[in-house]
Amino acid sequence: MSEKSPVNWEQLEAKPEFRALLARKSRFIIGSTIFFVAYYFALPVLVGYFPEIMKKEVLGRLNWAYLFALSQFFMAWALAFIYTRKAAQWDIEAAAVIKDER
């Protein structure tokens, strides 16, 4: 038994508010994905093209390559934190757009 949804999804999709929400969401997701991939692949590129710089010790025996590798964990956690905050905003905005449709 299937119930009919109280929301007219075709009308909702045509609303400028809904389209603007999807555009903001896409911009953030695509931008953060590009940033993440670039940051992730920067380590092997830097080690490959600038090995002497990456071997240079920064803190005791910790060199730039290890420091950069460690920073990727913090960057991923920060990006996940930012995404969850943004997703909560999008949920609120989506609920407001859907509420107007009911």
Side-chain angles (χ1 to χ4, degrees):
M1 168 160 123
S2 75
E3 284 188 34
K4 183 157 171 69
S5 173
V7 176
N8 183 338
W9 292 104
E10 290 168 357
Q11 272 185 336
L12 183 66
E13 184 182 15
K15 289 181 86 171
E17 299 91 1
F18 183 75
R19 290 186 176 272
L21 173 61
L22 289 181
R24 285 193 306 279
K25 208 171 155 180
S26 292
R27 253 191 326 272
F28 178 83
I29 291 171
I30 291 169
S32 60
T33 300
I34 290 169
F35 170 75
F36 176 80
V37 169
Y39 197 86
Y40 181 79
F41 282 109
L43 178 61
V45 169
L46 289 170
V47 169
Y49 285 104
F50 305 102
E52 293 308 313
I53 293 173
M54 298 306 282
K55 287 180 195 174
K56 187 172 172 121
E57 293 179 347
V58 181
L59 299 169
R61 298 208 49 174
L62 188 67
N63 63 25
W64 282 111
Y66 281 117
L67 193 61
F68 192 90
L70 183 61
S71 77
Q72 290 182 341
F73 287 100
F74 295 107
M75 185 276 302
W77 293 333
L79 195 56
F81 177 77
I82 292 167
Y83 176 81
T84 57
R85 303 288 272 198
K86 294 293 284 183
Q89 283 179 314
W90 296 327
D91 288 346
I92 292 167
E93 292 175 38
V97 172
I98 290 171
K99 187 180 92 176
D100 293 341
E101 270 306 302
R102 291 185 179 169

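Position 1 is the first residue of the sequence, and the numbers go up from there. Excluded from the calculations below are hydrogen atoms, water molecules and symmetry mates; all remaining heavy atoms, backbone and side chain alike, are included.
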> Any pair with a residue in residues 65-82 that passes salt bridge (charged side-chain N to carboxylate O under 4.0 Å, His left out), sequence neighbours left out, goes on the list, sorted by first then second residue, please.
none

> Taking side chain to side chain contact (heavy atoms under 4.5 Å, CB included) as the definition, give me every residue that meets it alongside L67, ordered by chain and number, with sequence neighbours left out.
V58, L62, W64

> So, using side chain to side chain contact (heavy atoms under 4.5 Å, CB included) as the criterion, who are the partners of A94 when residues are at least two apart?
L21

> Can you sort out the partners of F74 under ring pair (Phe, Tyr, Trp, His ring centres under 6.0 Å), two or more places apart, ordered by chain and number?
W77

> Tell me every residue that passes side chain to side chain donor-acceptor pair (under 3.5 Å) with E93, counting only those two or more places apart in sequence or in another chain.
R24

> Is any side-chain heavy atom of L22 closer than 4.5 Å to a side-chain heavy atom of W90?
no

> Test of understanding: with side chain to side chain contact (heavy atoms under 4.5 Å, CB included), list the residues that count as partners of F41, not counting sequence neighbours.
V37, P44

> List for me each residue that meets side chain to side chain contact (heavy atoms under 4.5 Å, CB included) alongside F50, sequence neighbours excluded, and say none if there are none.
L46, I53

> Under the side chain to side chain donor-acceptor pair (under 3.5 Å) rule, collect the residues that match up with Y66, sequence neighbours excluded.
none

> Would you please name every residue forming a ring pair (Phe, Tyr, Trp, His ring centres under 6.0 Å) with F68, sequence neighbours left out?
Y39

> Kindly write out the residues that satisfy ring pair (Phe, Tyr, Trp, His ring centres under 6.0 Å) with Y40, not counting sequence neighbours, or none if the list is empty.
none

> Taking only residues two or more places apart in sequence or in another chain, which ones pass salt bridge (Lys or Arg N to Asp or Glu O under 4.0 Å) with E52?
K55

